[in-house]
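A short worksheet on the structure shown next.
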Amino acid sequence: MKKNILITGGAGFIGSHVVRLFVNKYPDYNIVNLDNLTYAGNLANIADIENAPNYTFVKGDIVDLAFINSLFEKHQFDSVIHLAAESHVDRSITHPLEFVMTNVVGTVNLLVAARNLWKGNMEGKLFYHVSTDEVYGSLHNPEDFFLETTPYDPQSPYSASKASSDHFVRAWHNTYKLPVVLSNCSNNYGPNQFPEKLLPLMINNIVNNKPLPVYGKGENVRDWLFVVDHARAIDDVFHQGKVGETYNIGGFNEWKNIDIVHLLCDTMDAKLGREPGTNRGLIKFVEDRAGHDLRYAIDATKIMNELGWKPSLQFEEGMNKTIDWYLANREWIEQITSGEYQKYYEGMYANKLS
Ligand code: NAD
Ligand code: DAU
C-alpha cells in the first residue's frame with residue numbers, strides 16, 4: 001500500500017529540500033505539500049518536481065482547523081512531517097502574535113486533525129515535528145553542548161513559540177498516545193534560504209556592494225549545517241527514529257558571526273574578481289538584536305550513533321555551493337527581494353545603517 005504523507009512548509013527553505021528528497025527517493029509514497037505561500041514560501045523552490053506523479057501541492061493555512069480536518073479526511077494521511085512555521089527571530093521580535101498563531105496554534109491544529117483521523121488505529125502512523133535548537137536557550141560555558149536532555153529555556157518569541165509547539169507534540173504523545181517523533185536542528189544554510197537570514201543576506205549585500213550589518217560585536221556563535229544534510233537527517237529520523245524520541249541534529253561546526261562573515265567576504269572577493277579585502281570594507285557593526293542568544297552548539301551524537309546519520313559535506317564545500325547557487329540565481333533573489341521584502345529590509349535596517 002502507498003503511504004500518504006503530508007509535508008507542511010514544503011515551499012520554504014528546508015521544506016523544499018525535504019519535499020524534493022522524498023518525491024525523488026520514494027516513488028511509492030503519495031506526497032502532499034501543504035504551504036500557505038507566505039513571504040517565505042516560493043513555488044520556484046520546488047519547480048523541478050511539480051509534475052511528479054507522486055506529488056500534490058495544496059495552498060492552505062495550518063491555522064484554519066476546519067480546512068486542516070478536511071484535508072486529512074480527503075487524503076487519509078498516514079504520516080505528517082511538519083515544517084511550516086514563522087522562522088525568523090527578528091520578525092518574531094516585531095510580530096510575536098504571528099509566531100504564536102502559526103507555530104503554536106497551527107501545530108496544535110495538525111495534532112488535533114491527526115488524532116481525529118487516527119484515533120481508531122494508531123498502528124503505522126507518525127507525526128514528525130521538525131524543531132530547532134533555539135528551544136534550549138543560550139550557552140555561556142564554552143564546554144557545553146545542547147543534548148536531547150537539556151532543559152528548555154527559550155529566549156526569543158520565535159524560540160518560545162517553537163518550544164511551546166514541541167511541548168504540545170509531546171503532550172499529544174503522552175495523553176493520547178499519538179505516535180510522534182521530534183528533531184531539533186542547528187542553523188541551516190544552502191540554496192533557497194530567504195535573504196533575511198544571515199548568510200544569504202550577506203551574500204546578496206556583497207553582490208550589490210551594500211553594507212553588511214553585523215549585530216553587536218559579531219561574537220555570537222552558531223553551529224552551521226548544510227540544508228541537504230538536514231533533509232537527509234529528517235529522512236533517517238522519519239524512517240528509523242523511535243516513536244516518542246527526540247533527535248538533535250547539527251554539524252559540530254561552530255562559527256562566530258564575524259568569522260563567518262569574513263570568510264564570505266574573502267571567498268566572494270575571489271569569486272567576483274575584487275581586490276582582496278574589498279568586501280570586508282562593507283562590514284558595519286550595528287545595534288545588537290534584542291535578547292540575542294550568545295551561542296548555540298548541538299551535540300549530535302545520538303542521531304549519529306543510533307541512526308547512522310552524519311553530515312556529508314565539508315563546510316568549505318557547502319559554502320562554495322551556496323555562494324555559487326546565489327550567484328547563479330540572481331533572478332530568484334531579485335523576485336523575492338522586490339516589493340514586500342524591500343519594505344521589511346528598510347524598516348529593519350534603516351536606523352541601524354544610517
Ligand atoms: P521558512 O521560513 O523558509 O519556510 C517556512 C514555510 O512555512 C514557508 O514556505 C511558509 O510559506 C510556510 N508557512 C508559514 N506559515 C504557514 C501557515 N500558517 N500555513 C501553512 N504554511 C505556512 O522556514 P525554514 O527555515 O525552512 O524552517 C522550516 C522549519 O524548520 C521550521 O519549523 C523551523 O522552525 C525549523 N528549523 C529551521 C532552521 C533554520 O536554520 N532555518 C533550523 C532548525 C529548525
Ligand atoms: O538555530 C536554528 C535557528 O537558526 C532556526 O531555528 C531559525 O529558524 C533560523 O532563522 C536561525 O536563527 P538565527 O537567529 O540563529 O539565524 P539568523 O540567520 O537570523 O542569524 C544568525 C546570526 O547572525 C545571529 O547571531 C544573528 C546574526 N545576524 C543576523 C542577521 C540577519 C547579524 O549579525 N546580522 C544580520 O543582519
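Count residues from 1 along the sequence. Counting starts at 1 for both ligands and their atoms, following the listed order.
Using a 4.0 Å cutoff on heavy atoms, Ala11 counts as a contact of ligand 1. Residue contact check for ligand 2: Lys162 places no non-hydrogen atom closer than 4.0 Å to it. The shortest separation from a heavy atom of Ser16 to ligand 1 is not under 4.0 Å, leaving the residue out of contact. For Gly60, the heavy-atom gap to ligand 1 drops under 4.0 angstrom.
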Could you walk me through whether Arg232 and Asp235 pass salt bridge (charged side-chain N to carboxylate O under 4.0 Å, His left out), step by step?
CA-CA 5 Å; Arg232 289 177 46 249; Asp235 182 16; over 6 Å; no

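For ligand 2, the atoms closer than 4.0 angstrom to any heavy atom of Lys197 are 10 (O), 18 (O). Below 4.0 Å from some heavy atom of Val130 lie the following atoms of ligand 1, by number and element: 30 (O), 32 (O). Taking a cut-off of under 4.0 Å to the non-hydrogen atoms of Val89, the atoms of ligand 2 that pass are 14 (O). Annotation for ligand 2: atoms under 4.0 Å from non-hydrogen atoms of Glu196 are 31 (C). Atoms of ligand 1 lying under 4.0 Å from at least one heavy atom of Lys162, given by number and element, are 31 (C), 32 (O), 33 (C), 34 (O). Under a 4.0 Å criterion applied to the non-hydrogen atoms of Thr132, ligand 2 contributes the atoms 1 (O), 2 (C), 3 (C), 5 (C), 6 (O). Set against the non-hydrogen atoms of Ala84, the atoms of ligand 1 under 4.0 Å away are 7 (O), 21 (N), 22 (C). Taking a cut-off of under 4.0 Å to the non-hydrogen atoms of Ser186, the atoms of ligand 1 that pass are 40 (O), 42 (C), 43 (C). Residue Pro213 approaches ligand 2 through these ligand atoms, each under 4.0 Å from one of its heavy atoms: 32 (C), 33 (O), 34 (N), 35 (C), 36 (O). When each atom of ligand 1 is checked for a heavy atom of Leu37 under 4.0 Å away, the hits are 11 (O). Residue Tyr296 approaches ligand 2 through these ligand atoms, each under 4.0 Å from one of its heavy atoms: 1 (O), 15 (O). If you number the atoms of ligand 2 from 1 as listed, the ones under 4.0 Å from a heavy atom of Asp133 come out as 1 (O), 2 (C). Against a heavy-atom cut-off of under 4.0 Å, Gly41 is close to the following atoms of ligand 1: 8 (C), 9 (O), 11 (O). Of all the atoms in ligand 2, the ones that sit under 4.0 Å from a non-hydrogen atom of His88 are 19 (O).
Looking at ligand 1, you won't find any N or O of Leu34 less than 3.5 Å from one of its N or O atoms. For the pair Glu86 and ligand 1, the shortest N or O to N or O distance does not fall below 3.5 Å. Between Asn187 and ligand 1, no pair of N/O atoms sits closer than 3.5 Å. Between Arg222 and ligand 2, a contact under 3.5 Å exists for at least one N or O pair. For a threshold of 3.5 Å applied to N or O pairs, the pair formed by Asp35 and ligand 1 contains at least one separation below that value. For a threshold of 3.5 Å applied to N or O pairs, the pair formed by Gly12 and ligand 1 contains at least one separation below that value. Note: an N/O pair closer than 3.5 Å links Asn36 and ligand 1 by distance alone. Of the N or O atoms in Ile62, one or more lie within a sub-3.5 Å distance of an N or O in ligand 1. Looking at Thr38 next to ligand 1, an N or O pair under 3.5 Å apart turns up. Polar contact check, Ser87 against ligand 1: a nitrogen or oxygen pair lies under 3.5 Å apart. Note: an N/O pair closer than 3.5 Å links Asp61 and ligand 1 by distance alone. For ligand 2, the polar-atom distance check against Tyr158 finds a nitrogen or oxygen pair separated by under 3.5 Å.
Counting protein heavy atoms only, atom 18 (O) of ligand 2 is closest to Leu198 N, 2.8 Å. In terms of protein heavy-atom proximity, atom 25 (O) of ligand 1 is nearest to Phe13 CD2, 3.7 Å. Counting only heavy atoms of the protein, atom 25 (O) of ligand 2 lies nearest to His292 NE2, 2.7 Å. Nearest protein heavy-atom contact of atom 16 (O) of ligand 2 is Asn187 ND2, 3.5 Å. Looking only at protein heavy atoms, the nearest one to atom 44 (C) of ligand 1 is Ser131 O, 3.1 Å. For atom 27 (O) of ligand 1, the closest non-hydrogen atom of the protein is Ile14 CD1, 3.8 Å. Closest to atom 34 (O) of ligand 1, if we only count protein heavy atoms, is Tyr158 OH, 2.6 Å. For atom 29 (C) of ligand 1, the closest non-hydrogen atom of the protein is Leu83 O, 3.2 Å. In this structure, the protein non-hydrogen atom closest to atom 36 (O) of ligand 2 is Tyr349 OH, 2.7 Å. Protein heavy atom nearest atom 33 (O) of ligand 2, with residue, atom name and distance: Tyr215 N, 2.8 Å. In this structure, the protein non-hydrogen atom closest to atom 43 (C) of ligand 1 is Cys185 O, 3.3 Å. For atom 9 (C) of ligand 2, the closest heavy atom belonging to the protein is Ser87 O, 3.9 Å.
Contacts of Asn184 with ligand 1, taken as heavy-atom pairs under 4.0 Å, are absent altogether. Only the backbone of Ser186 comes within 4.0 Å of ligand 2, counting heavy atoms alone; no side-chain atom from C-beta on gets that close.
With rounding to the nearest 0.5 Å, the separation of CG in Asn205 from CD1 in Ile283 is 12.0 Å. Separating the CG atom in Asn45 from the CG atom in Asn33 is a distance of 10.5 Å, to the nearest 0.5 Å.
In this structure, a donor-acceptor pair under 3.5 Å is absent between the side chains of Thr38 and Asn36. At a cut-off of 3.5 Å, with distance as the only test, a side-chain donor of Asp229 or Ser312 sits close to an acceptor on the other residue.
For atom 27 (C) of ligand 2, the nearest non-hydrogen atom from the set Asp293, Asn257, Ile298 comes from Asn257. Residue nearest to atom 17 (P) of ligand 2, selected from Arg289, Glu86, Lys217: Arg289 (by heavy-atom distance). Between atom 3 (C) of ligand 2 and the options Arg91, Lys256, Glu134, Glu219, the minimum heavy-atom separation is to Glu134.
In this structure, Glu196 pairs ionically with Arg91, as a charged nitrogen and a carboxylate oxygen lie closer than 4.0 Å. Between Lys242 and Glu306, none of the side-chain N atoms (NZ, or NE/NH1/NH2) sits under 4.0 Å from a carboxylate O, so this pair counts as no salt bridge.
Aromatic rings of Phe194 and His88 (six-membered ring for Trp) have centroids beyond the 6.0 Å cut-off, not under it. Separation of the Tyr26 and His239 ring centroids falls under the 6.0 Å cut-off.
Test Asp35, Val105, Leu71, Leu110 against Ile62 for side-chain contact (heavy atoms from CB on, under 4.5 Å) and you get one pass: Leu110.
Residues meeting the salt bridge (charged side-chain N to carboxylate O under 4.0 Å, His left out) test with Lys271, sequence neighbours left out: Asp324.
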